[in-house]
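Here the structure is laid out as structure tokens; the discussion comes afterwards.
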Amino acid sequence: MAKEHSLSKRDIQSLDVAKLYYQSGKSQQDIAAIMGLSRPTIAKLLQHAQDLGFVQIRICDPREHTDELAERIQERYRLDEVRLIPSPPEHDLDRLRQELGKAAARMLEKLVRDGDCIGIEWSNTIQAMAKALVRQNRKQVKVVQLRGSDTQMQQNLNEAQSIHRICQAFQAEGETLNLPCVFDQLHTKNLMEKENPIRRVLESGKQCRIAVFTVGAAEADSPLFSSGLFSDTEIAHLLQHAVGSICARFVNREGQICLPDLNNRTIGIRLPDLRHKEERLLIAGGSHKAAAIHTTLKYGYANRLVSDERTARHIMQHNSSAGIAL
């Protein structure tokens with residue numbers, strides 16, 4: 001900046017006006033009264049201050065940082081697409097789900113083609129996605145439930161409602177799996193899978209081109225743990241060894257199944273079948289899920305991600321702590 005003795009009277013006036021306007025928060029009318037000048041003169045002095053570099057306006061667009069972070073995640077995990085939303089306050093889970101749902105709806109609308117089969121896992125966020133979908137002109141689309149339910153009647157109803165909404169958006173037919181996701185006995189689960197209606201839904205889930213799913217964190221308040229479908233011993237083991245659940249199947253940090261017996265008693269899409277889908281859309285947000293999301297991405301269970309910026313930064317921290325160069 002120029003030394004004080006080289007400043008003209010107009011320069012000094014423009015500096016005084018700029019300080020009153022930008023630092024003190026005075027209006028142009030107030031400054032005009034204070035300095036005994038007209039309002040148009042004040043506006044010209046403010047422009048003069050900008051022209052000489054006395055005032056420098058910097059725009060910080062958070063979307064630019066979000067786009068850069070999305071590109072880093074896409075490159076690091078070799079994904080086809082990443083969409084990050086700005087993170088709402090951490091306690092505002094309803095808003096987080098709604099915004100994730102909207103972003104996921106736009107991505108899914110773009111992916112679905114005539115004749116597609118879409119596999120859906122239920123969650124509150126995926127329900128928000130279903131509500132945000134806009135009707136699309138598609139033909140001969142099928143929507144199928146990927147796994148059994150993790151709670152009782154109320155969630156069964158929510159799952160059916162979500163599938164119905166998705167069917168409406170794509171003018172599709174729906175197939176639901178009205179069973180718990182875990183059975184007490186392997187024999188019972190095997191018998192159920194042989195029933196023709198169940199077998200058809202499971203086969204549709206196995207064959208679908210698109211899978212839309214989420215992950216759960218292995219935490220004491222996990223909906224799966226409060227479902228009554230797991231024994232206390234199983235929950236204790238999973239809390240100690242699992243990083244999270246993918247379509248109700250618990251994995252460790254190496255992406256391997258925890259408790260094979262429990263996995264065998266789980267009904268729904270198997271992880272090897274999920275990994276081989278052409279489109280694997282993971283919708284998940286919240287810092288507590290970062291480790292589970294990282295594992296899901298690292299081991300190829302998803303090729304598209306919808307998440308939020310705060311969670312994405314935590315995902316990259318897990319990436320770094322795992323010894324993977326960023």
Side-chain angles (χ1 to χ4, degrees), residues 104 108 111-112 116-123 125-127 129-130 141-151 155-156 158-160 162-163 166-167 172-183 186 188-216 222-224 227 229-230 238 242-252 255-284 292-293 295-297 299-306:
L108 183 62
L111 290 176
V112 176
D116 265 339
C117 180
I118 312 166
I120 300 292
E121 181 194 17
W122 188 89
S123 74
T125 305
I126 291 176
Q127 185 176 35
M129 180 204 73
V141 174
K142 183 190 296 184
V143 180
V144 61
Q145 188 173 331
L146 285 178
R147 67 169 177 88
S149 175
D150 52 18
T151 59
Q155 182 150 318
N156 287 333
N158 289 337
E159 290 166 349
S162 294
I163 289 176
I166 298 169
C167 286
E173 295 182 357
E175 295 182 353
T176 57
L177 196 61
N178 297 317
L179 294 170
C181 64
V182 177
F183 284 80
L186 178 60
T188 307
K189 179 252 189 179
N190 288 340
L191 286 176
M192 292 303 302
E193 286 185 330
K194 292 178 181 179
E195 295 291 327
N196 284 337
I198 304 303
R199 182 169 50 81
R200 283 196 297 268
V201 176
L202 293 174
E203 186 61 26
S204 293
K206 185 176 180 180
Q207 298 300 326
C208 63
R209 188 180 76 89
I210 301 172
V212 182
F213 67 103
T214 189
V215 297
S222 164
L224 282 169
S227 66
L229 300 173
F230 297 76
L238 293 172
V243 70
S245 62
I246 306 170
C247 292
R249 298 186 185 272
F250 283 87
V251 297
N252 59 24
Q256 300 169 335
I257 289 292
C258 294
L259 290 177
D261 175 66
L262 174 64
N263 185 64
N264 289 338
R265 292 186 283 113
T266 300
I267 192 164
I269 190 168
R270 297 179 182 274
L271 294 188
D273 293 327
L274 175 64
R275 187 188 274 123
H276 287 95
K277 298 296 179 196
E278 181 179 336
E279 299 292 355
R280 309 176 303 281
L281 170 53
L282 170 60
I283 310 166
I293 297 170
T295 298
T296 303
L297 299 178
Y299 293 100
Y301 294 113
N303 68 330
R304 298 181 190 272
L305 172 68
V306 175

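Residue numbers run from 1 in the order of the sequence given. Just so it is clear, the values below take in all heavy atoms, side chains as well, and ignore hydrogens, waters and symmetry mates.
Results of the side chain to side chain contact (heavy atoms under 4.5 Å, CB included) test with Val143 over Ile118, Val112, Thr176 single out Ile118 as the only residue that passes.
Salt bridge Asp261/Arg265: present, at least one basic N to carboxylate O contact under 4.0 Å.
Side chains of Val144 and Cys117 form a contact here, defined as non-hydrogen atoms less than 4.5 Å apart. For the pair Trp122/Gln127, a side-chain contact is recorded, criterion being any heavy-atom separation below 4.5 Å from C-beta on. Proximity of Tyr299 to Gln256: side-chain heavy atoms (C-beta onward) are nowhere separated by under 4.5 Å. Proximity of Glu279 to Asp116: side-chain heavy atoms (C-beta onward) are nowhere separated by under 4.5 Å. You'll find the side chain of Leu271 reaches within 4.5 Å of the side chain of Tyr301, heavy atoms only. Proximity of Lys206 to Leu202: side-chain heavy atoms (C-beta onward) are nowhere separated by under 4.5 Å. You'll find the side chain of Ile210 reaches within 4.5 Å of the side chain of Leu108, heavy atoms only. A 4.5 Å side-chain heavy-atom check between Glu175 and Ile163 finds every atom pair outside the cut-off.
Around atom CD of Glu173, no more than 12 heavy atoms belonging to other residues, nucleotides or ligands sit under 6.0 Å away. For Lys142, the NZ atom counts as loosely surrounded, since its 6.0 Å shell holds 12 or fewer non-hydrogen atoms of other residues, nucleotides or ligands.
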